[in-house]
Amino acid sequence: MGMSSNPSYPAGTVITGKWRGNRYVVERVLGKGANGTVYLVQREGRRERYALKIGYDTLELQSEINVLTSLQSCRKRSEHRARKESPLSSYLLESDDFKDRDHTPFYVMRYVEGRPLHHFLSRNGASWLGLVGMTILEKLQTLHECGFVFGDLKPENVMVSSYGEAELIDYGGASPIGRSVKQFTEWHDRGFWNAGSRTGDQSYDLFAFAVLCLRLLNEQGLKSAAQQLPQTRSVEELMKLARELPDKKLSSWLCLALKGGFPGSAQAAEIWRSHIYRGRKTGHETMATPRWLKNAFALSLFLLAFTLYWVFRF
Amino acid sequence: MKQILLITDGCSNVGESPVLAAAHARQEGITVNVVGVVDYGTIGELGSREIADIAKAGGGISRIVGTPQLAQTIQMMTRKTVVQTIQQAVNKEVQKILGDGSLAELPPQQRSQVVTVVDELTETSPLRIALLIDASASMKPKLGAVEDAIRDLALSLEAREGRSEIAVFHFPGRSGSEDAMLDIDWTRNVSEVRSLFSRLKMRGATPTGPAIFKVLEHYRYDKLEEHRNYLPGEDDGAREGMIDGYVV
Ligand SMILES: Nc1ncnc2c1ncn2[C@@H]1O[C@H](COP(=O)(O)OP(=O)(O)O)[C@@H](O)[C@H]1O
Ligand SMILES: [Mg+2]
């Protein structure tokens, strides 16, 4: 099964691809997870730096590579249609096997400079959540449009640049919509909270995202809710935590996501943008000029419903 | 695919060897996984050796965990075993085509295709898991956690596209002559069952080996039924045809 004893390769190690022959020089370890070790590397003879993931298990890593490959071509197609090139399409660079060491498989991806979401927020303050949350939701939306769910959404799997641009990393938990979720983390899993199935759909990721927000804003509260007995553990507990938050629009958004009330991530992102991201910046302005009215009729209807929902709720 | 998941907290002390029983299971195409649950103290050297040996003989995995990790552990073990079973079957097909090439030696393009097939079958192949729960006196305080873990496993299985069924047994049974008792026969929605171990009476002995044999009998009995209800070899045929289609 190509299991390596997962040693950490020291700086200066040259990783040569068996099939394609490219050579990467290890600079340092970026992080270790359950499925592999990620190194910061430099392609020999070039200036660019990349992140290179060496897997512990051939099958698991290949499965991850397959997801990244189909995402890549989906994004390329949609960018081609939109006639623009975004950095998204060039996330996966290549995959190969480490020639000299047991043919351990690896893949090379864009190096996402920044820090994990929870570190970013504790350093920069919760006021960044509006902006960062929006970029995460946009990333989820793209993923969903390509037919995948992310699955294991948690702060550790989101990297944030110093100016608040979020990037999802670790596609080991991603699976096609409609399939069972491969990999999840208890707190973020809607099944754990008796709030629905483990079949991957857009709401599954939105639920995980809502828990992620709660965790960033009230980790202690979430922890004690999670420690309850499985029979009494419920989405109600999470909604209670959400309602305690000072930002009432955020509360409403989170409650709706926890209940699986958004039709999809497009609507969820749009509402976040108009009510939480913008709403936050302008303080007490309640109803910003609805840019979204230009969008689909169904969406605007939904926004209206949402607006009524939070107006009457509080 | 067929699995037995044994959840216990110690050594067997009556009847045939559980390692022998597990070897029989493997012979019949049933993988045996074992979880040792310990909350206080350790399981003892003898107990942990037996747990490892049963899993080894049964072609499965063993883990020793506390009740808080139980749900996650059995979910992970089950999934891993499904993937392994599929992978072994697929590897056989791959070897027919490529000699002794294992997955890791395949060129990237073909490897990617093979893994696509493995992922597909992991999700869609029919799966049966018999849970065999040690209900000897020392397990009593842990049975609540066991029940929660079973429900959690059921939730994961229900999300699969393929037909997934669970049966639950506990051992020892009601009388000295009953090695294991069937609590729930093959079902697809365990989450709806209210109480798993309703008629449970804790007794001292731990006849792990005989209990595994009892489960094997149940599997065998059921196969007869299955043949009456389904076309013979339906699954195998589809599986092989599919692999050929992808790889060649
Ligand atoms: N593209 C990347 N750029 C920068 N750091 C990364 C990148 N990918 C992964 N990392 C770092 O490596 C760690 C482990 O990678 P991850 O893909 O999450 O592994 P696992 O699947 O084993 O959890 C991450 O938590 C992160 O710190
Ligand atoms: Mg990770």
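Both backbone and side-chain heavy atoms feed into the values below; hydrogens, waters and symmetry mates do not. It should be emphasised that the depicted structure is a prediction, and the values quoted were computed from it without experimental measurement. Within every chain, numbering begins at 1; the chains are lettered A, B, ... in the order of the sequence lines, protein sequences first and strands thereafter.
- The contact between B:Asp148 and chain A is made entirely by side chain atoms (from C-beta outward), counting heavy-atom distances below 4.5 Å.
- In this structure, A:Leu59 and B:Gln84 have side chains that are not in contact, with every pair of non-hydrogen atoms separated by 4.5 Å or more.
- Looking at B:Val115, both its backbone and its side chain come within 4.5 Å of chain A, counting heavy atoms on both sides.
- Between A:Lys182 and B:Val83, every side-chain heavy-atom pair lies at or beyond the 4.5 Å cut-off.
- To the nearest 0.5 Å, atoms CD (B:Gln75) and CG (A:Asp189) are separated by 8.5 Å.
- For the atom pair CZ of A:Phe192 and CG of B:Asp152, the computed distance is 8.5 Å after rounding to the nearest 0.5 Å.
- Of the listed residues A:Asn66, A:Thr199, A:Leu229, A:Ile65, the one with more heavy-atom pairs under 4.5 angstrom with chain B than any other is A:Asn66.
- B:Gln27 CD: 12 or fewer foreign heavy atoms inside a 6.0 Å radius.
- Using a 4.5 Å cut-off between heavy atoms, B:Arg111 touches chain A through backbone and side chain atoms alike.
- In the displayed structure, A:Lys18 atom NZ is contacted under 6.0 Å by more than 12 heavy atoms of other residues, nucleotides or ligands.
- Taking the side chain as every heavy atom from C-beta outward, A:Gln62 and B:Ser112 approach each other to under 4.5 Å.
- Looking at A:Arg179 and B:Glu120, their side chains come closer than 4.5 Å, going by heavy atoms from C-beta outward.
- No side-chain heavy atom of A:Asp97 sits under 4.5 Å from any side-chain heavy atom of B:Glu105.
- At a cut-off of 3.5 Å, with distance as the only test, a side-chain donor of A:Ser180 or B:Glu123 sits close to an acceptor on the other residue.
- With a 4.5 Å cut-off on non-hydrogen atoms, A:Ser63 touches chain B through its backbone and its side chain both.
- Here the straight-line distance linking atom CD of B:Gln87 with atom CG of A:Asp57 works out to 7.0 Å at 0.5 Å rounding.
- Side chains of A:Arg198 and B:Ser156: a donor on one and an acceptor on the other come within 3.5 Å.
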